[in-house]
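Just follow the structure's listing: the first ligand is 1, and inside any ligand the first atom is 1.
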Amino acid sequence: EAKAAGKNIFAFYHTEMTRQARRRLELEEALTTALARKEFVLYYQPVHDVASGRLIGAEALVRWQHPEWGLVSPNEFIPLAEETGQIVEIGARVASEAARQIRAWTELGLEPGVVAINVSSRQLARGHFPAFLRSVIEENGIEGHRLEVELTESSLLALGERTTDLLREIRETGVQLAIDDFGTGYSSLSYLRRFRVDKLKIDRSFVNELQVDGGSLGIVKAVIAMGQAMGLQVQAEGVELDSQLDTLARLGCDSFQGYLRAAPMPAEQFQKLLGASQSQQSEG
Ligand code: C2E
Ligand code: MG
Ligand code: MG
Ligand code: MG
């Protein structure tokens with residue numbers, strides 16, 4: 001009887017594994033098609049200055065506009081694209097498109113501020129990422145400091161000894177560097193000193209728990225204080241409540257993004273926001 005049960009379990013796992021492998025293969029093929037058909041689009045989430053409330057830039061977030069599935073979240077396909085290596089091509093598209101869009105907005109007389117893109121360790125590790133960035137900047141005729149590259153602590157660790165050189169070469173293009181989801185990984189103080197980034201982005205899990213969890217308040221406080229002491233910008237992500245923004249303001253956090261002000265939106269909508277915020281400022 002036990003043997004039979006074991007057999008069934010094996011059969012179940014077997015089918016489950018086959019199903020998953022098949023689904024993975026399908027998704028991988030669909031990503032290849034998506035690249036060919038140019039189905040990736042960028043959404044922009046506004047970034048605001050905490051003290052003044054002013055719009056100071058955006059984070060560009062990729063979405064997959066699938067003809068049948070609709071808008072697919074990056075959480076659904078970035079992890080697989082990282083495994084298969086397709087992230088290199090997707091990421092290159094993201095960087096080019098962000099730069100093209102910055103140029104287009106600037107030509108319209110708009111002031112897009114700093115636009116951040118997310119970069120996976122796989123993209124950094126393969127090819128010549130700093131040279132690629134430089135070509136994107138030059139081809140689109142934008143200033144390097146208009147772009148910000150977001151890396152996670154784990155990407156930095158994954159690159160090992162090459163990290164310091166890579167980060168220096170990126171900064172030489174004028175592009176700013178931010179550590180994304182800060183606090184969830186393994187950065188040590190000595191790392192931060194060695195890597196010389198411009199900004200720390202406090203992970204939204206800490207922002208989220210500001211009200212309910214004293215530990216999160218402590219972490220947010222410490223990150224802001226540390227950022228200030230090291231001359232780094234500190235940005236909070238995932239701000240959803242006024243009370244969270246109040247706390248961040250009190251602690252001296254520089255900038256924030258979150259549903260409280262705006263969710264990621266299509267380029268046309270962000271463009272309207274840029275126009276509105278500029279006419280507001282010129283009025284007074
Ligand atoms: P991330 O870089 O940490 O981006 C922030 C995520 O938080 C975004 O999810 C954004 O929509 C979401 N978010 C913003 N404000 C709020 C809020 O107030 N509440 C909540 N609950 N969520 C908020 P999204 O767009 O689904 O992206 C998920 C992740 O996918 C990103 O996390 C990033 O790691 C990755 N990703 C997105 N675009 C790219 C890309 O172009 N390249 C790479 N390599 N990864 C990307
Ligand atoms: Mg990010
Ligand atoms: Mg983040
Ligand atoms: Mg995140």
When only distance counts, is E240 in polar contact with ligand 1, meaning an N/O pair under 3.5 Å?
yes
Nitrogen or oxygen atoms of V62 and ligand 1 under 3.5 Å apart
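By distance alone, the answer is yes.
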Should you measure from each heavy atom of [X], which atoms of ligand 1 turn up under 4.0 Å away?
X    : answer
Q45  : 14 (C), 15 (N)
I87  : 44 (N)
V94  : 41 (O)
G258 : 15 (N), 18 (O)
P264 : 11 (O)

SB check R24 E83 (cutoff 4.0 Å):
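Salt bridge: yes.
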Look at E172 together with R168 and state whether they make a salt bridge at an N to O cut-off of under 4.0 Å.
yes
With heavy atoms only and a cut-off of under 4.0 Å, state how [X] meets ligand 1: side chain, backbone, both or neither.
X    : result
K201 : neither
Q257 : neither
I90  : neither
D203 : neither
I117 : neither

Out of curiosity, is G238 lining ligand 1, as in a heavy atom under 4.0 Å away?
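G238 counts as a contact of ligand 1 under the 4.0 Å cut-off.
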Quick one: the OD1 of N118, the Mg ion (ligand 2), OE1 of E150 angle, rounded to 10°, please.
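Once rounded, the angle between the two atoms at the Mg ion (ligand 2) is 90°.
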Of the choices V72, L241, D180, which has the non-hydrogen atom that lies closest to atom 1 (P) of ligand 1?
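Shortest heavy-atom distance from atom 1 (P) of ligand 1: D180.
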Where [X] and [Y] come nearest, the two heavy atoms and their spacing:
X    : Y    : result
R122 : E82  : NH1-O, 2.7 Å
Q86  : E28  : NE2-O, 3.0 Å
V197 : L232 : O-CD2, 3.0 Å
E148 : V114 : CB-CG1, 3.7 Å

Just do the salt bridge (charged side-chain N to carboxylate O under 4.0 Å, His left out) check on E97 and R100 with the steps written out, would you?
CA-CA 5 Å; E97 174 57 16; R100 191 202 59 76; 2.9 Å; yes
What do you get for the angle at the Mg ion (ligand 3) between OD1 on D181 and OD1 on D180, to the nearest 10 degrees?
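The angle at the Mg ion (ligand 3) comes to 90°, rounded to the nearest 10°.
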In E237, which N, O or S atom comes closest to the Mg ion (ligand 3)?
OE1
As a test of reading the structure, name the N/O/S atom of E59 that is nearest the Mg ion (ligand 2).
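This residue's closest N, O or S atom turns out to be OE2.
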Would you say R103's side chain and N140's backbone share a donor-acceptor pair under 3.5 angstrom?
yes
When rounded to the nearest 0.5 Å, the distance separating OH of Y44 from CD of Q271 is 10.5 Å
Assess the pair F77 and W69: is the distance between their ring centroids shorter than 6.0 Å?
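No, the ring of F77 stays outside the 6.0 Å limit from the ring of W69, centre to centre.
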Establish, for the pair R63 and Y43, whether the NZ or CZ atom is under 6.0 angstrom from the six-membered ring centre and no further than 45 degrees off its axis.
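Geometry flag: set, cation within 6.0 Å and 45°.
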